[in-house]
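To start, the structure itself, in structure tokens.
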Amino acid sequence: MALVQMQPRPASATPAHRTVADTMDTAGPQVCDDMTIEVALAVMTSARTEHLLVCDNDGLCTQLVTQAQLAAVRDSPAYTDRVQLRDILDNRGPFTSPATTITEAQHAMRGRRPGALPVVDEQGSAPGVLALAH
């Protein structure tokens with residue numbers, strides 16, 4: 001077994017040089033895109049979270065949805081209890097990489113809702129979420 005020596009981060013590191021991996025939160029609940037809106041809202045309630053990471057059938061992160069987005073869909077006149085998450089997702093992303101600097105990620109997030117950004121690695125998995133500081 002090889003030993004791995006950990007190097008402490010220098011205390012003088014500036015925020016411009018810190019990466020998303022240094023500050024991201026754990027990913028939290030991840031659900032498949034074939035889940036219905038009602039079940040997704042129930043998962044959010046039980047997990048006490050404001051967002052879910054949505055994955056496709058291959059387990060790749062496709063988007064982040066918020067409780068507010070799902071409630072708006074549920075409250076619309078066209079809603080039925082058969083509407084799935086994949087039915088309301090418009091496109092893939094936006095995402096950030098664990099290697100992105102905090103400064104770059106915060107700049108990209110300005111003016112975006114929901115104020116959180118999935119952190120996706122090279123394999124398409126979501127190890128975490130970056131929340132915009134208020």
Side-chain angles (χ1 to χ4, degrees):
M1 179 186 297
L3 295 177
V4 176
Q5 186 174 10
M6 301 298 289
Q7 297 293 325
R9 292 194 182 272
S12 62
T14 63
H17 294 97
R18 292 177 45 211
T19 65
V20 168
D22 297 329
T23 61
M24 70 183 181
D25 297 325
T26 58
Q30 296 183 26
V31 298
C32 192
D33 63 1
D34 63 355
M35 182 176 280
T36 65
I37 302 299
E38 287 299 323
V39 174
L41 285 165
V43 168
M44 283 184 186
T45 300
S46 67
R48 296 185 178 144
T49 186
E50 293 292 317
H51 61 265
L52 293 173
L53 290 172
V54 180
C55 299
D56 63 15
N57 289 333
D58 296 323
L60 302 178
C61 183
T62 57
Q63 200 159 355
L64 180 137
V65 293
T66 66
Q67 191 171 25
Q69 288 172 305
L70 297 182
V73 170
R74 183 193 57 205
D75 296 340
S76 74
Y79 175 76
T80 71
D81 62 357
R82 294 185 179 165
V83 176
Q84 297 177 324
L85 293 173
R86 70 171 57 123
D87 298 331
I88 66 164
L89 301 178
D90 51 3
N91 60 3
R92 192 171 164 84
F95 303 109
T96 191
S97 161
T100 304
T101 67
I102 294 299
T103 304
E104 291 170 328
Q106 287 178 333
H107 179 70
M109 290 173 65
R110 296 270 184 244
R112 289 190 185 259
R113 289 277 179 207
L117 196 59
V119 179
V120 177
D121 62 19
E122 304 83 37
Q123 289 79 33
S125 298
V129 174
L130 180 66
L132 184 61
H134 297 288

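Along the sequence shown, residues are numbered consecutively beginning with 1.
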Report task. Check step by step if side chain to side chain contact (heavy atoms under 4.5 Å, CB included) holds for L53 and V129. Result -> CA-CA 9 Å; L53 290 172; V129 174; 4.0 Å; yes
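- Residues S76 and V73 share a closest heavy-atom pair of OG-O, 2.8 Å.
- No donor-acceptor pair closer than 3.5 Å links the side chain of D58 to the backbone N or O of L60.
- From L130, atom CG reaches atom OG1 of T96 across 7.0 Å, with rounding to the nearest 0.5 Å.
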Query raised in the report: Hey, mind stepping through I88 and Q69 against side chain to side chain contact (heavy atoms under 4.5 Å, CB included) and telling me if it holds?
Result: CA-CA 9 Å; I88 66 164; Q69 288 172 305; 5.7 Å; no
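- For the residue pair Q84 and D33, the shortest heavy atom distance occurs at CB-O, 3.9 Å.
- Between I37 atom CD1 and L85 atom CG the span is 4.5 Å, to the nearest 0.5 Å.
- Between the side chain of T36 and the main chain of D81, no donor-acceptor pair closer than 3.5 Å is present.
- Of all the heavy atoms in P118 and C61, the pair that sits closest is CB-SG, 4.2 Å.
- The two residues P29 and T49 come nearest to each other via the heavy atoms CG-CG2, 4.0 Å.
- Judged purely by atom type and a 3.5 angstrom limit, Q30 uses its side chain to pair as donor or acceptor with the backbone of A126.
- The two residues A105 and V20 have their closest heavy-atom pair at CB-CG2, 3.8 Å.
- For the atom pair Q63 CD and D56 CG, the distance stands at 12.0 Å (nearest 0.5 Å).
- Among all heavy-atom pairs drawn from Q67 and T45, the shortest one is NE2-OG1, 4.2 Å.
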Query raised in the report: Between M44 and V65, is a side chain to side chain contact (heavy atoms under 4.5 Å, CB included) present by the stated rule, with each step listed?
Result: CA-CA 10 Å; M44 283 184 186; V65 293; 4.2 Å; yes
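- We find the CG-NE2 distance between L70 and H51 to be 12.0 Å, quoted to the nearest 0.5 Å.
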